[in-house]
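Following: one structure in structure tokens, then a few remarks.
Whatever order the structure lists ligands and atoms in, that order sets their numbers, starting from 1. Quick note: numbers below take in every heavy atom, side chains included, and nothing from hydrogens, waters or symmetry partners.
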Amino acid sequence: MTVKIIDGKKIAMELKTEIAKQVEEIKAKYFITPSLAVILVGNDPASEVYVSNKERAAHYVGMNSIQYKLAANTSQDELIAKIEELNNDPKIHGILVQLPLPKHINATKIIHTINYQKDVDGFNVINVGKLSIGEVDGKDGAIIPCTPMGCIHLIKSAIGKDLSGLKTLVIGTSNIVGRPLARLLMLENCTVTIANRKTKDLKAECLQSDIIISATGVVGLVKADMVKKDAVIIDVGINRINLEGGKTKLVGDVDFDNLKDKVLAITPVPGGVGPMTIAYLLKNTLEACLKTCS
Ligand SMILES: NC(=O)c1ccc[n+]([C@@H]2O[C@H](COP(=O)([O-])OP(=O)(O)OC[C@H]3O[C@@H](n4cnc5c(N)ncnc54)[C@H](OP(=O)(O)O)[C@@H]3O)[C@@H](O)[C@H]2O)c1
């Protein structure tokens, strides 16, 4: 058996190439450039890197990316006013507020201020509700969070489009990854288990699963003796660990080195889920724009 290391970088690049083609078509047909507004409050270094990566990717596919860098002491009302201005701007198709926000700002309130049709992160309660009831198709279907969409794409790239009947385990229950991903897997007719910190026997849950997606931020959570042969492992975790000599390294949640020779397919960290998240942000922006065109 050849274990497949799922190359998220390559698959994301293929998706971006497709998106770039569609952006060109929109420009030629409607004289519109899909445009993403990204708001960053404060100067958290990690957030600054994420925001500039998103901007670079948007430019790569020919989209506009407009950054709004607001001071750390921006008030909640000022931020809401900026979002409302962007909600009412027909030239802006996607709005993203980089999280986390400073403590004096209520992130839930901010997310719900974004017009759900421009909410390209898919975190607004209307998009969450639409996904929850399975309203995902058509012009008013949910905008679905980017990382879960990226995970489904990677799984299908490894084992084909039909996931029906497969036993899947999602470890982690966050609103941005675990919950929407579990819902998407249900829509693919999988049998879905969701694990959290209180799960009694994670190993037993893992051993029963055809597909395991870990999104916890816990280094080494999924070990080689916890998975069955022929499982597919998607590692969403991003953890920075310290090495000797003051160096650091990015790793995921799963013991990649000991799993890669055992399973059917596995994503590396970095170069697995991460690039797909950005590609789906662009796809969501493209689709939000397309919905305004026809
Ligand atoms: N690659 C990407 O594009 C991408 C995108 C988003 C996030 N991430 C990464 O994914 C990881 C998770 O982030 P997040 O924001 O989704 O999650 P989060 O809000 O940090 O929540 C972590 C989840 O993991 C669960 N958990 C923690 N320890 C556990 C354990 N020992 N056993 C089982 N479950 C456990 C928690 O369970 P409880 O519910 O019981 O607390 C919680 O549901 C982080 O490393 C983050 O950096 C990567």
Check whether any side-chain N or O of Thr216 sits under 3.5 Å from a backbone N or O of Val218 as a donor-acceptor pair, and report yes or no.
-> yes

Which N or O atoms of ligand 1 sit under 3.5 Å from a protein N or O, and how far apart is each pair?
| residue | atom | partner | partner atom | Å |
| --- | --- | --- | --- | --- |
| ligand 1 | 1 (N) | Val236 | O | 3.4 |
| ligand 1 | 3 (O) | Thr277 | OG1 | 2.7 |
| ligand 1 | 16 (O) | Ser174 | OG | 2.6 |
| ligand 1 | 34 (N) | Arg197 | N | 3.4 |
| ligand 1 | 37 (O) | Arg197 | N | 3.4 |
| ligand 1 | 39 (O) | Thr173 | OG1 | 3.1 |
| ligand 1 | 40 (O) | Arg197 | N | 3.0 |
| ligand 1 | 41 (O) | Arg197 | NE | 2.8 |
| ligand 1 | 41 (O) | Arg197 | NH2 | 3.4 |
| ligand 1 | 43 (O) | Thr173 | N | 2.8 |
| ligand 1 | 43 (O) | Thr173 | OG1 | 2.9 |
| ligand 1 | 45 (O) | Ile238 | N | 3.0 |
| ligand 1 | 45 (O) | Ile238 | O | 3.3 |

Any donor-acceptor pair under 3.5 Å from Asp119 side chain to Ile114 backbone = no

Can you run down the salt bridge (charged side-chain N to carboxylate O under 4.0 Å, His left out) pairs that involve residues 81-93, sequence neighbours left out, and say none if there aren't any?
-> Lys82-Glu85

Tell me yes or no: between the side chains of Gln67 and Lys54, is some donor less than 3.5 Å from an acceptor?
-> no

The complete set of side chain to side chain donor-acceptor pair (under 3.5 Å) pairs with one or both residues in residues 146-170, sequence neighbours excluded, reads Thr147-Thr277, His153-Tyr280, Lys156-Glu188, Asp162-Ser164

Does any pair with a residue in residues 8-17 pass side chain to side chain donor-acceptor pair (under 3.5 Å), and if so which ones, sequence neighbours excluded?
-> none

